[in-house]
Amino acid sequence: MSKESRMAKKLEKKNRAKIKPGRLARREAITGLLFVTPWIIGCAVFLIYTMGNSFWYALNNIRITPKGYKFTYLGTGNFTQILFSDPDFPIQIVEYVTSTILSVPIIVVFALIIAMLLNGKIKFKGFFRLIFFLPVIVVSGPVMGMLSEQGAATISTIDTQTIVDAISTFLPKGMANAISELFQSMIMILWYSGVQILIFLSALQKIDRSMYEAAQIDGGSGWECFWKITLPTIKPMILINVVYTVVFISGNDQNSIIGLIQNAMFSGTKEKGYGYASAMAWIYSLVVLLIVGLFALVLMARKDVYERQVKKAKKAMKKEARMERKVERRSARNAKKIEKARAKRKYSTYDGSGDY
């Protein structure tokens with residue numbers, strides 16, 4: 001590439017940078033900003049401010065007196081007491097992590113299977129969709145608590161102790177207990193899959209049918225179409241459903257850790273209170289974020305074959321461009337050397353009489 005072409009490219013970049021957005025672009029930007037302004041205000045008031053207050057509470061021992069709140073700064077005292085002195089919270093955290101890691105894949109896979117069945121050519125499709133989404137509306141809050149207390153959320157015909165004894169022969173006891181709890185709350189877990197089914201349905205309905213027709217013409221089976229077309233296309237929705245499921249399970253009223261935090265908050269002891277409960281909530285939030293990050297790492301680690309090929313092609317093109325620039329610079333240096341050598345020969349053969 002010559003110097004003139006480089007200078008032309010630099011001028012083009014400068015001109016593009018100097019071009020200001022038009023009136024329509026500015027209007028669209030202002031409209032978008034106005035559209036998200038309520039969310040920004042709500043996030044600042046109800047999320048950022050409350051999180052800051054909660055973190056400040058976690059660093060203090062808070063007592064309610066007739067004159068108001070009395071703060072006693074403890075630093076990390078609440079956190080160390082929870083992690084090293086509390087007899088229930090660390091055990092509940094371990095059980096929560098194991099049960100969540102086991103139950104989230106079951107919920108997501110079940111939702112995907114039901115969504116694929118509802119996306120097929122069946123009669124009364126809307127009625128079946130209503131049936132699977134109805135528990136999300138009805139079974140919530142106190143209703144879910146009443147049903148779980150009456151045993152409606154468990155499968156009574158399954159002998160969970162037999163399952164624990166069979167599994168504990170080749171797995172650790174903690175893992176066996178988590179699996180037994182999974183069987184005990186199987187109906188409750190499947191009740192959590194209504195929103196995920198709708199998300200998968202919307203993703204399946206947006207897949208171009210011509211892709212399946214082309215694959216079938218080439219001899220692709222239904223299993224191959226699922227692995228090569230369906231699953232890569234809805235992969236972003238799988239991650240969304242996993243994150244939603246983790247958050248829903250973590251913030252559910254039936255979660256025992258939520259009960260521990262509420263009991264610590266309204267406890268009348270000197271050690272506990274709002275500050276102690278805030279510290280528990282922050283530890284619990286960090287654990288939830290780690291679980292979400294773990295699932296995201298698993299789902300995002302393996303990239304598509306075509307994406308890898310495109311990246312390889314881009315790297316090869318960049319390498320070729322670098323080689324071309326090196327060759328051009330080398331040829332320019334060689335040309336300068338040749339010109340200098342010719343000039344030296346020209347002046348060395350000059351004898352002063354006007355003739356060479």
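What you see is a predicted model; the values in this text were computed from it and never measured.
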Going from [atom1] on [X] to [atom2] on [Y], what distance comes out if it is rounded to the nearest 0.5 angstrom?
X	Y	atom1	atom2	value
Glu324	Arg322	CD	CZ	12.0 Å
Asn78	Ser85	CG	OG	11.0 Å
Ile234	Ile207	CD1	CD1	6.0 Å
Thr37	Leu34	OG1	CG	5.0 Å
Thr245	Ile291	OG1	CD1	12.5 Å
Ile40	Leu47	CD1	CG	13.0 Å

Verdict with reasoning, Thr230 to Tyr212, per side-chain hydrogen bond (donor to acceptor under 3.5 Å, both in side chains): CA-CA 9 Å; Thr230 306; Tyr212 292 104; 2.5 Å; yes
Parallel, tilted or perpendicular: rings of Trp223 and Trp227 (30°, 60°):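 The arrangement is perpendicular - the two ring planes meet at more than 60°.
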Aromatic plane relationship, Phe55 with Phe79 - under 30° parallel, 30 to 60° tilted, over 60° perpendicular: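 Rings of Phe79 and Phe55: tilted, as their planes differ by 30° to 60°.
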What are the two closest heavy atoms between [X] and [Y], and how far apart are they?
X	Y	value
Gln196	Ala111	CB-CB, 3.6 Å
Gly77	Thr80	O-OG1, 2.9 Å
Ile249	Ser103	CD1-OG, 3.8 Å
Arg63	Lys272	NH1-O, 3.5 Å
Met211	Ile229	O-CD1, 3.6 Å
Ser250	Val246	OG-O, 2.6 Å

Path from [X] to [Y] over hydrophobic side-chain contacts below 4.5 Å:
X	Y	result
Ile283	Phe84	yes
Met323	Met317	no
Trp282	Leu289	no
Leu299	Tyr244	yes
Leu290	Leu102	no

Test item: [X] and [Y] side chains (from C-beta on) under 4.5 Å apart, heavy atoms:
X	Y	result
Thr72	Asn60	no
Ile101	Leu294	yes
Tyr73	Trp56	yes
Leu239	Phe295	no
Leu204	Met116	yes
Phe248	Val195	no
Leu201	Ile114	no
Tyr284	Ile258	yes

Audit row: Asn61, Phe71, side-chain contact (heavy atoms from CB on, under 4.5 Å) steps and yes/no: CA-CA 6 Å; Asn61 183 13; Phe71 290 83; over 6 Å; no
Side-chain donor or acceptor of Thr100 paired with backbone N/O of Val97 under 3.5 Å: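 Not confirmed, Thr100 side chain does not pair with Val97 backbone.
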Test item: Glu224 side-chain N/O and Ser221 main-chain N/O as donor-acceptor pair under 3.5 Å: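 At least one qualifying donor-acceptor pair exists.
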Audit row: Phe89, Gln92, side-chain contact (heavy atoms from CB on, under 4.5 Å) steps and yes/no: CA-CA 5 Å; Phe89 189 76; Gln92 293 291 337; 5.6 Å; no
Heavy atoms of other groups near Phe226 CZ, more than 12 under 6.0 Å: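 Result for CZ/Phe226: enclosed.
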Test log, rule side-chain contact (heavy atoms from CB on, under 4.5 Å), inputs Leu260 and Asp88: CA-CA 8 Å; Leu260 282 176; Asp88 298 326; 4.3 Å; yes
Name of the residue among Asn119, Ile238, Ile240 meeting side-chain contact (heavy atoms from CB on, under 4.5 Å) with Phe200: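 Filter result, single survivor: Ile238.
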Residue among Ile62, Ile82, Leu74 satisfying side-chain contact (heavy atoms from CB on, under 4.5 Å) with Tyr276: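 Exactly one pass, corresponding to Ile82.
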CA sep, side-chain torsions, deciding dist, call: Ser54, Thr50, side-chain contact (heavy atoms from CB on, under 4.5 Å): CA-CA 6 Å; Ser54 174; Thr50 53; over 6 Å; no
